Number of protein chains: 2
Amino acid sequence: MARTHGSRAEITGPLIRDEARRLFARNGYAAVSMRQIAAAVGVQAGALYAYTPDKQALLHDLLQSHMKELLAAWRDDPSADPLTRLERFVRFHIDFSLDHADAVFLSYMELRNLTPENFRNIAELRGRYEDALDQILQAGAEAGVMHMMDRKLTTLAMIAMLTGVINWYREGGRLDRDRIGDIYWGLARGAVGAN
Amino acid sequence: MARTHGSRAEITGPLIRDEARRLFARNGYAAVSMRQIAAAVGVQAGALYAYTPDKQALLHDLLQSHMKELLAAWRDDPSADPLTRLERFVRFHIDFSLDHADAVFLSYMELRNLTPENFRNIAELRGRYEDALDQILQAGAEAGVMHMMDRKLTTLAMIAMLTGVINWYREGGRLDRDRIGDIYWGLARGAVGAN
DNA sequence: GTCTATATATTGATAGAC
DNA sequence: GTCTATCAATATATAGAC
């Protein structure tokens with residue numbers, strides 16, 4: 001419900017991002033109007049433009065801060081043994097994806113709606129995250145505890161497999177998160193020939 | 001470029017579907033207008049409505065025929081040994097996905113733009129395809145040649161992993177299709193503990 | 001079957017008052 | 001910072017001529 005007059009700048013900004021993220025993820029960037037976002041926030045459409053120059057910048061901002069948050073949240077320990085590092089990555093990726101399901105969804109669903117320049121920016125950040133897993137697989141292969149035919153494809157395949165949880169996971173479902181982590185870690189460990 | 005007058009019913013119908021599939025996949029359902037589709041086909045926008053009642057029916061039709069084609073294309077041999085069946089499934093899924101990349105993309109990208117009834121219809125078809133893999137994993141587990149903690153999650157994880165190829169594959173890239181099949185079969189075989 | 005023309009609604013974005 | 005009002009563009013879909 002849209003208010004009439006009165007300023008709440010300190011909370012409107014984050015609220016716009018929250019509602020835009022939710023609506024974009026649920027209905028798609030192109031299908032969501034600025035008026036819909038404004039209504040969900042509780043302001044009139046014109047007020048949004050005090051926070052973002054346009055709709056495209058809003059999308060790019062959501063994706064960029066998500067990717068930066070993801071990169072900041074992952075803390076590897078290169079001195080640990082590779083299998084331990086991989087297990088931590090698997091569980092981290094699942095937990096982070098489920099905690100930020102809308103943003104994850106957006107990050108691989110709405111790339112096509114970014115301008116070319118914004119796309120390159122997000123793709124670069126994504127590449128850095130893929131490198132984090134690639135380094136673990138490289139260490140595992142060099143230590144002889146992992147065996148794979150192609151490291152790059154293994155990286156992409158594993159991230160695709162793990163990210164898939166957001167497509168079926170429902171709070172309060174058959175399996176809790178720890179159990180899901182166990183199962184995917186079993187799949188991942190087998191995939192890299194570490195049984 | 002849009003023609004002016006003259007009927008080509010026998011080719012306009014399929015052409016509408018082809019161009020709609022391509023444009024929806026590239027730009028997103030909501031972002032593509034009926035005028036864009038008409039322009040790509042070479043007719044005026046009004047002419048599209050001789051072939052589809054509305055835009056929603058066009059999307060649903062594309063997804064439904066894709067899923068039915070997928071189900072019809074997969075021919076399992078339940079008498080073969082489970083690992084052979086799984087290898088065939090892995091290579092089939094990759095090849096089919098790459099041969100129909102736009103439709104595959106649509107099928108998991110635009111589900112949210114279907115009406116609830118149309119969504120249920122597509123979800124049911126998707127469930128049948130998942131069952132095809134599930135049966136193989138069940139046979140493998142019972143024969144003792146595959147080992148997994150959770151068959152349902154293994155099914156979903158494997159399909160997510162395999163489908164991911166459409167996100168990075170490019171014709172003429174570093175790896176040809178057979179080689180990609182080899183690599184993913186290696187990953188899949190390991191994931192089900194069949195090394 | 002396809003065209004032209006149009007009804008009707010909605011969009012992203014801006015201007016100016018408060 | 002937010003509102004109201006509005007512009008200009010574009011959307012889906014339909015009607016009627018050919």
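Nothing here was measured: the structure is a model prediction, and the numbers come from that model. Chain letters run A, B, ... following the sequence lines, proteins first and then strands; every chain starts at 1.
To the nearest 0.5 angstrom, B:R177 atom CZ is 4.5 Å from B:L98 atom CG.
For the residue pair B:D76/B:Q135, the side-chain donor-acceptor check at 3.5 Å is not satisfied.
Counting only heavy atoms from C-beta outward, the side chains of B:E87 and B:L83 never approach each other to under 4.5 Å.
Regarding B:L48, its CG atom lies at a distance of 15 Å from the C1' atom of C:dT4, rounded to whole Å. Here the P atom of nucleotide D:dG16 and the OH atom of B:Y49 are 18 Å apart, to the nearest Å. Whole-Å rounding puts the B:I37 CD1 to D:dA13 P distance at 10 Å. Atom-to-atom, CE of B:M34 to P of C:dC3 comes out at 14 Å; the value is rounded to the nearest Å. The OH-P distance, from B:Y51 to D:dA13, rounds to 18 Å in whole Å. Atom CD in A:Q36 sits roughly 18 Å away from atom P in C:dA9 (whole-Å rounding). Note: NZ (B:K55) to P (D:dT14) measures 15 Å, nearest angstrom. Between the CG atom of A:L15 and the P atom of D:dT2 there is a distance of 10 Å, rounded to whole Å.
Within the 4.0 Å cut-off from OP1 or OP2 of D:dT2, not a single side-chain nitrogen or oxygen of A:Q44 is found.
Taking the side chain of B:T12 as heavy atoms from C-beta on, and the options C:dT14, C:dT2, D:dT2, the nearest nucleotide is C:dT2. Residue B:A50 has its side chain nearest to C:dG1 when only D:dT2, C:dG1, D:dT14 are considered.
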Name the pairs: protein N/O against N/O of nucleotides 5-10 of chain D, kept only if under 3.5 Å.
none

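Shown here is A:E124, whose CD atom has more than 12 heavy atoms of other residues, nucleotides or ligands within 6.0 Å.
Taking the six-membered ring where the residue is Trp, A:Y29 and A:F24 present perpendicular rings, their angle passing 60° and hence far from 30°.
Judged as a ring pair (Phe, Tyr, Trp, His ring centres under 6.0 Å), the pairs with a partner in residues 107-138 of chain A (not counting sequence neighbours) are, in order, A:F89-A:Y129, A:H93-A:Y129.
A:R21 has a carboxylate O that lies under 4.0 Å from a charged side-chain N of A:D18, or vice versa, which qualifies the two as a salt bridge.
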